[in-house]
Amino acid sequence: MTDSQLNIAVVGAGPGGYAAAFLAADLGMHVTLIDPELNPGGVCLYRGCIPSKALLHVAKLIEESEQSKNWGIEFAAPKIDLTRLRSWKEGIIKRLTGGLGQLSKQRHVEYIQGRAAFENSTTLRVSKADSTEAILSFDRIIIATGSRPAIIPSFKLDSPRLMDSTSALNLEDIPGSLLVVGGGYIGLELGSVYAALGTRVTVVEALSGLLPGADRDLVLSLHKRLEKMFEAILLNTTVSSLKEEDAGIRATFEGASVKEDQREKVFDRVLVSVGRKPNSEIAGLEKTQVKVGGRGFIEVNKQLQTADPSVYAIGDVAGEPMLAHKAMHEGRTAAEAIAGHKVAFEPAAIPAVVFTDPEVAWCGLTEIQAEKENREIKVAKFPWAASGRAITLDRPEGMTKLIIDPKTERVLGVGIVGVGAGELIAEGVLAIEMAAVAHDVAMTIHPHPTLSETVMNSAEVFFGTSTDIYRPKRG
Ligand code: NAD
């Protein structure tokens, strides 16, 4: 049997799982894709990236329609029809997951709606959605079971008012007040959605700043805007208890900066967004040689192969960052590795994007990381107040920065805060992957007037040749 005739199973049909399954099928393998949902899509499509971005689009529209007062255009306050909003979001999910179902059929991938448990390294027991069971054997199995919201065990509260990202996306109502526990990706994205719909949002973050993984200068202008949108942002604060009362959930705050008269407050709803946990507790996994590390991630090598040669693992279950695009690339690498290609998953940069308004995006080396590693770097920043395009959008608070190796002048990292930062960061990823030096970026003609120019402009700042800003000569 050649590698391409292998019989493989992919457990979990999120972006990582379906990418692995589809590419494996394209490479000639016989593929079975197993997932509890009706169609492929996983958390990303059913209850993550896609529905949240649909709602964030709505939030942006509402915000812009208010800001447009500054430009002489006034709209009446929006009338929000929650039923239609929900069905628009559901329609997007249906369209995309249905499309993946079609792609699956076109590739002759056998899609099984059900849950898989390991019998041994190459055999799965699949409990199907139609209540039947099948024992199936494969040459290789790829685990792509993803992750789930982490919970705070002390919040022993069985209340529909207590939400995780999944229930928050269901948009049951527009609560008068919402407490968001955790100022990371999910808390800020979904907090922004609810705030735009009219909810008074309070965010509680245990650490000293929002989005702890991102450079502080990138978070600054987002923080300033969120301060206006949210009722309160409480840093260095945790929630020590939640109790349900008739009027809502009473939260007790803890932290050095919490004032005595602000220790308790009642909220209509609470969203817990304090991270995610890998789904590595797969039934029967102990019957294989797969190793699970301390934090619950399945251990893999650069080909995404686990300690069991027949089993591969990709995506959130195989380690951080827990991002769909990282999972997709890992899925492709695993499929190619199984097909016998000489491949390894060793990206120079994986972009991170927080889809707030403004968006925050970064890739490659961050200043925080460089400081930790005691690495010498030069940082070149271009403020969007000097970007014609940003001014036309009335959004001059953005900033683009390059993190550069002072000796080789190679671009090591890129950080952007501003509208559309999530789109712009792709150029940074390409620059890093192509080992671009600052000169390459500065010499690349960017279209005018666009926000993308700010990437070129920040490279010019590095050389002191930007004509869009003035830096007085020293000495
Ligand atoms: P996160 O890790 O981004 O943020 C969690 C935040 O909660 C952190 O700032 C942490 O310090 C804080 N925290 C932890 N315990 C706390 C406590 N007891 N009280 C107060 N604050 C506490 O996690 P998330 O927002 O839940 O998102 C989970 C993951 O999902 C992300 O790390 C990311 O990988 C993925 N995600 C990505 C996107 C995107 O790409 N745009 C969007 C949503 C989620």
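Order of listing sets the numbers, starting from 1, for every ligand and every atom in it.
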TODO: With the side chain counted from C-beta on, respond yes when Leu222 and Leu226 share a heavy-atom pair under 4.5 Å apart, and no when they do not.
DONE: yes

Please list, one pair per line, the donor and acceptor atoms closer than 3.5 Å that link side chains of residues 196-206 to other protein atoms, with sequence neighbours excluded.
residue: Thr199; atom: OG1; partner: Pro175; partner atom: O; Å: 2.7
residue: Thr199; atom: OG1; partner: Tyr194; partner atom: O; Å: 3.4
residue: Arg200; atom: NH1; partner: Gly176; partner atom: O; Å: 3.4
residue: Glu205; atom: OE1; partner: Gly183; partner atom: N; Å: 2.8
residue: Glu205; atom: OE2; partner: Leu207; partner atom: N; Å: 2.9

Open item on the list: Using only atom types and a distance under 3.5 Å, with no angle test, would you say the side chain of Gln113 pairs donor to acceptor with the backbone of Pro36?
Closed with: yes

Open item on the list: Check this for me: Arg95, atom CZ, are more than 12 non-hydrogen atoms of other residues, nucleotides or ligands nearer than 6.0 Å?
Closed with: no

- [ ] Ignoring hydrogens, just give me the one of Pro321, Gly182, Ser273 whose non-hydrogen atom is nearest atom 5 (C) of ligand 1.
- [x] Ser273

Open item on the list: Considering both backbone and side-chain atoms of Thr238, is one of its nitrogen or oxygen atoms within less than 3.5 Å of a nitrogen or oxygen in ligand 1?
Closed with: no

Task: Element-labelled atoms of ligand 1 that are located less than 4.0 Å from some non-hydrogen atom of Ile152 - done: 18 (N)

TODO: Give me the ring orientation class for His57 and Trp88: parallel if the planes are under 30° apart, tilted from 30 to 60°, perpendicular past 60°.
DONE: tilted

Open item on the list: List ligand 1 atoms under 4.0 Å from Met322, heavy atoms only on the residue side.
Closed with: 33 (C), 34 (O), 35 (C)

Open item on the list: Applying ring pair (Phe, Tyr, Trp, His ring centres under 6.0 Å), can you list everything that pairs with Tyr18, at least two apart in sequence or on another chain?
Closed with: Phe22

Open item on the list: Starting from atom 8 (C) of ligand 1, what is the nearest protein heavy atom, named by residue and atom, and what distance separates them?
Closed with: Glu205 OE1, 3.4 Å

Task: Close N or O approach (Gly275, ligand 1; < 3.5 Å) - done: yes

Task: Proximal atoms of ligand 1 relative to Leu323 (non-hydrogen, under 4.0 Å) - done: 34 (O), 37 (C), 40 (O)

Open item on the list: Side chain or backbone, does Tyr185 bring an N or O within less than 3.5 Å of an N or O on ligand 1?
Closed with: yes

Open item on the list: Could you work out, for atom 29 (C) of ligand 1, the closest of Lys326, Arg276, Glu359 by heavy-atom distance?
Closed with: Arg276

TODO: Look at atom 13 (N) of ligand 1 and say which protein heavy atom is nearest, naming residue and atom and giving the distance to 0.1 Å.
DONE: Val274 CG1, 3.9 Å

Open item on the list: With side-chain hydrogen bond (donor to acceptor under 3.5 Å, both in side chains) as the criterion, how do Asn170 and Ser167 come out once you've worked through the C-alpha distance, each side chain's angles and the decisive distance to 0.1 Å?
Closed with: CA-CA 5 Å; Asn170 288 344; Ser167 39; 5.8 Å; no

- [ ] Output the list of atoms in ligand 1 that are nearer than 4.0 Å to some heavy atom of Val353, sorted by atom number.
- [x] 39 (C), 40 (O), 41 (N)

TODO: Between Glu320 and ligand 1, find which residue part has any heavy-atom pair under 4.0 Å and reply side chain, backbone, both or neither.
DONE: neither

Open item on the list: Between Arg148 and Asp164, does any side-chain N to carboxylate O distance fall below 4.0 Å?
Closed with: no

Open item on the list: Between Glu453 and Arg389 (salt bridge meaning N to carboxylate O under 4.0 Å), is one present in this structure?
Closed with: no

Open item on the list: Using heavy-atom distances only, which candidate in Gly184, Cys49, Ala206, Pro149 approaches atom 22 (C) of ligand 1 most closely?
Closed with: Ala206

Task: Option nearest atom 44 (C) of ligand 1 (shortest heavy-atom distance, choices Val180, Val181, Ile186) - done: Ile186

TODO: Tell me which part of Leu211 gets within contact of ligand 1: side chain, backbone, both or neither, using heavy atoms under 4.0 Å.
DONE: neither

- [ ] Taking only heavy atoms of Phe355 into account, list the atoms of ligand 1 that are under 4.0 Å away from them.
- [x] 41 (N)

- [ ] Return yes when atom CD of Glu423 has more than 12 non-hydrogen atoms of other residues, nucleotides or ligands closer than 6.0 Å, and no otherwise.
- [x] no

Task: ligand 1 atoms in contact with Val204 (distance to a heavy atom under 4.0 Å) - done: 20 (C), 21 (N)

- [ ] Mark up the atoms of ligand 1 that fall under 4.0 Å of a heavy atom belonging to Leu207, in ascending order.
- [x] 11 (O)

Task: Neighbour count >12 (heavy atoms, 6.0 Å) for atom CD, Glu231 - done: yes

